Amino acid sequence: MSSESDSTTTNKKASFKVATWNVNSMRVREEQVIAWLNEHQPDALCLQEIKMVEADFPFEAIKATGYSSIALGQKTYNGVAILSKREAQNVSTALDDFEDEQRRYIAADIAGANGELVRVVNVYVPNGQALDSDKFVYKQAWFKALRKTMRRTLSEHPLTVLLGDFNITPSDLDCHDPVAWRGKIHCSDTERLMLHTLLSEGLYDTYRHFNPQGEHYSWWDYRGAGYRANAGLRIDLVLSSGELLKRSTASSIDEVPRKHERPSDHTPVVAEYSI
DNA sequence: ATGGTTGCTTCGCAA
């Protein structure tokens, strides 16, 4: 007796799962990343702060668990990678019209189980340090270039997901102590305006779409009470295009890796789509 | 109270 659930059935929609994780050193977190891939089987996992050059990236170890990788790295700082079940196509490693010595952007088309392509854009937005610092001037310039790049990307790819470490809380709901953080880096009105201007290009905060309540974060400082006191920020975001949001089915924060021995200070944020 | 912790082929800096 034939089954309608046969995996070869054409036009059948499967789940397309993406995730973002600032690993704060791929050297230290390699085993945790591979274990996470094996357990969760995402179609694409975007990493930030790999903190190594491509020559040192563990392409082979990741391949052994069934994943293909693309990476843009540098020594000591920054660095991004996309790990995917199906090989990345049309890889881009630079924002439009923006010279950047820091490795913070990588994008590619990733196919779902039915062959449909999703444009996956992985970013590590500059931290900015403090609003009166030179690093904040760089953060603003970088973010403006991202907005311009995303305007073009969205016009070319209706199914686009922009995800990564944005180093910006969208609102006070994403901050454990809005009074203490008021006006500070990650929580300032200036940065939130930058983010909402980017969203106005046609991107939607997918975690918040499925989780209207607060008190859930993606980063907790290593210092002090940190994770134990849930003193966190939600700065790791999955932003879906309108067409992709229509096909989204779930989004969640996986706090399990933050509880591990020697954790990253960030934990993975996941979204799923019917693709 | 400008503290505290982690990672870097470290010895101060970025987060």
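Keep in mind the model is a prediction, meaning the values are calculated, not measured. Every chain is numbered from 1 and lettered A, B, ... according to where its sequence line falls, protein lines coming before strand lines.
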Given a cutoff of under 4.5 Å between side-chain heavy atoms of I, L, V, M, F, W and Y, with clusters grown through shared members, what are the other residues clustered with Val28(A)? none
So salt bridge (charged side-chain N to carboxylate O under 4.0 Å, His left out) across residues 14-39 of chain A, not counting sequence neighbours, yields Arg27(A)-Asp56(A)
Which residues share a side-chain hydrogen bond (donor to acceptor under 3.5 Å, both in side chains) with Thr153(A), sequence neighbours left out: none
Who passes salt bridge (Lys or Arg N to Asp or Glu O under 4.0 Å) against Asp265(A), sequence neighbours left out? none
Filter on salt bridge (charged side-chain N to carboxylate O under 4.0 Å, His left out), then keep only pairs touching residues 105-119 of chain A, sequence neighbours left out; what's left? Asp109(A)-Arg119(A), Glu116(A)-Arg247(A)
Return the residues of residues 255-263 of chain A meeting this criterion: a heavy atom under 4.0 Å from some atom of DNA chain B. Order them by number, or give none. Arg262(A)
Using atom C1' of each nucleotide, how far apart are dG4(B) and dT9(B) to the nearest Å? 26 Å
For DNA chain B, determine which residues of residues 228-236 of chain A have any heavy atom closer than 4.0 angstrom to one of its atoms, and list them numerically. none
Which ILVMFWY residues can you reach from Trp220(A) by hopping between side chains whose heavy atoms are under 4.5 Å apart? Tyr217(A), Tyr227(A)
List, by chain and then residue number, the residues other than Tyr222(A) in its hydrophobic cluster (Ile/Leu/Val/Met/Phe/Trp/Tyr, side-chain heavy atoms under 4.5 Å); write none if there are no others. none
Within the sub-3.5 Å range, which N or O atoms of nucleotides 9-15 of chain B have a protein N or O partner, and how far apart are they?
from	atom 1	to	atom 2	distance (Å)
dT9(B)	OP1	Thr76(A)	OG1	2.1

Any side-chain donor-acceptor pair under 3.5 Å between Glu49(A) and Asn22(A)? yes
Check which hydrophobic residues are tied to Phe59(A) through side-chain heavy-atom contacts below 4.5 Å, counting indirect links as well, and list them. Trp21(A), Val23(A), Met26(A), Val33(A), Ile34(A), Trp36(A), Leu37(A), Leu45(A), Leu47(A), Ile50(A), Met52(A), Phe57(A), Ile62(A), Tyr67(A), Leu83(A), Val270(A)
Name all residues meeting the side-chain hydrogen bond (donor to acceptor under 3.5 Å, both in side chains) criterion together with Arg182(A); count only those two or more places apart in sequence or in a different chain, and write none if there are none. none
